[in-house]
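Notes to accompany the following structure.
Nothing here was measured: the structure is a model prediction, and the numbers come from that model.
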Amino acid sequence: QVQLVESGGGLVQAGGSLRLSCAASGSGFSINAMGWYRQAPGKQRELVAALTSGGTTNYADSVKGRFTISRDNVKNTVYLQMNSLKSEDTAVYYCNVDSTDVRTWRAHVLFWGQGTQVTVSS
């Protein structure tokens, strides 16, 4: 199994910055991609940013130019640098892993972090 531990959330003023971290650990799975989702009250969980093992990035239109996803392969940690934060960014942010079970080669096995709250005050 893969365990994901998130950190870095908190309260920040509009225009400020935060960096979220998600550390992956475990065995039996090969990580293909990592990403960040968020869910605001009353809204559906949405993709914020994703990073594949090949280096391809994908961002929600609402965060393009403000957020940056990156990965430290040595630490097996994915980051989300969030700049110019807006009140609309307030949500619980979830780390996500898309992996392959190396024992069965079952693909697209998903794991989720526990979520970290980001609150942007205006």
Side-chain angles (χ1 to χ4, degrees):
Q1 295 292 105
V2 173
Q3 287 73 233
L4 305 176
V5 179
E6 301 179 28
S7 62
L11 175 65
V12 65
Q13 292 182 337
S17 299
L18 285 173
R19 189 181 75 162
L20 306 183
S21 299
C22 176
S25 62
S27 62
F29 293 86
S30 177
I31 296 175
N32 308 125
M34 302 185 75
W36 292 93
Y37 288 72
R38 69 185 181 188
Q39 187 166 23
K43 294 186 178 181
Q44 191 172 356
R45 187 174 298 185
E46 64 175 351
L47 175 69
V48 177
L51 177 64
T52 70
S53 59
T56 301
T57 58
N58 186 30
Y59 296 95
D61 288 341
S62 61
V63 307
K64 285 182 178 178
R66 300 189 298 119
F67 291 10
T68 302
I69 187 170
S70 62
R71 180 177 179 177
D72 185 331
N73 290 324
V74 176
K75 296 181 179 180
N76 214 14
T77 299
V78 66
Y79 304 93
L80 184 66
Q81 179 66 46
M82 305 185 295
N83 299 324
S84 302
L85 283 162
K86 306 174 181 178
S87 60
E88 67 183 84
D89 297 317
T90 296
V92 177
Y93 285 70
Y94 297 91
C95 179
N96 166 261
V97 164
D98 184 310
S99 65
T100 297
D101 187 331
V102 299
R103 295 161 296 185
T104 66
W105 297 108
R106 173 187 167 208
H108 300 295
V109 180
L110 304 180
F111 297 93
W112 294 89
Q114 81 280 6
T116 184
Q117 176 71 47
V118 171
T119 302
V120 183
S121 64
S122 60

Would you confirm whether [X], through its side chain, and [Y], through its main-chain N or O, come within 3.5 Å as a donor-acceptor pair?
X	Y	result
Tyr59	Ile69	yes
Arg106	Val102	no
Glu6	Gly115	yes
Thr77	Lys75	yes
Asn73	Asn76	no

Minimum heavy-atom distance between Ala14 and Ser122, given as atom pair plus value: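 Taking Ala14 first and Ser122 second, the nearest heavy atoms are CB-CA, 4.5 Å.
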Identify the two heavy atoms, one from Cys95 and one from Met34, that lie closest to each other, and give their separation to 0.1 Å.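 Minimum heavy-atom contact is SG-CE, 4.3 Å.
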[atom1]/[X] to [atom2]/[Y] distance, rounded to the nearest 0.5 angstrom?
X	Y	atom1	atom2	answer
Lys43	Arg38	NZ	CZ	8.0 Å
Ser53	Arg71	OG	CZ	7.5 Å
Tyr79	Thr68	OH	OG1	14.5 Å
Leu110	Ser99	CG	OG	7.0 Å
Ile31	Leu4	CD1	CG	7.0 Å
Asp89	Thr119	CG	OG1	11.0 Å

Show the numbers, then the answer: is there a side-chain contact (heavy atoms from CB on, under 4.5 Å) between Tyr93 and Gln117? CA-CA 6 Å; Tyr93 285 70; Gln117 176 71 47; over 6 Å; no
Taking Lys64 first and then Asp61, would you say they form a salt bridge - that is, a charged N and a carboxylate O separated by under 4.0 Å?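 Salt bridge between Lys64 and Asp61, a charged N being under 4.0 Å from a carboxylate O: yes.
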Set out, in order, the CA-CA distance, both residues' side-chain angles and the distance that settles side-chain contact (heavy atoms from CB on, under 4.5 Å) for Leu51 and Thr56, then state yes or no. CA-CA 6 Å; Leu51 177 64; Thr56 301; over 6 Å; no
Ring-face cation contact, Phe29 with Arg103, 6.0 Å cut, 45° max: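 Here Arg103 passes the 6.0 Å and 45° test against Phe29.
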Within-4.5 Å side-chain heavy-atom neighbours: [X] and [Y]:
X	Y	answer
Met82	Val118	yes
Phe111	Gln3	no
Thr116	Ser7	no

Following the transitive rule for hydrophobic clusters with a side-chain heavy-atom cut-off under 4.5 Å over Ile, Leu, Val, Met, Phe, Trp and Tyr, establish whether [X] and [Y] coincide in one cluster.
X	Y	answer
Phe67	Val12	yes
Trp36	Val92	no
Val78	Val2	yes
Val120	Val48	yes
Trp105	Val109	no

Show me the donor-acceptor pairs, under 3.5 Å and distance only, between side chains in residues 16-25 and residues at least two apart or in other chains.
from, atom 1, to, atom 2, distance (Å)
Ser17, OG, Asn83, OD1, 2.9

Assess the residue pair Thr100 and Asn32 against the criterion (side-chain contact (heavy atoms from CB on, under 4.5 Å)); give the C-alpha distance rounded to whole Å, side-chain angles, the decisive distance to 0.1 Å, and a yes or no. CA-CA 7 Å; Thr100 297; Asn32 308 125; 2.9 Å; yes
Parallel, tilted or perpendicular for Tyr94 and Trp112, by the 30°/60° rule?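 Perpendicular: the ring planes of Tyr94 and Trp112 meet at over 60°.
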Take atom CZ of Arg45 as the centre, draw a 6.0 Å sphere, and report whether it contains more than 12 heavy atoms from other residues, nucleotides or ligands.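 Counting neighbours around CZ of Arg45, more than 12 heavy atoms of other residues, nucleotides or ligands fall under 6.0 Å, so yes.
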Without hydrogens or angle criteria, can the side chains of Thr90 and Glu88 be said to hold a donor-acceptor pair below 3.5 Å?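 Not at all, the side chains of Thr90 and Glu88 share no donor-acceptor pair under 3.5 Å.
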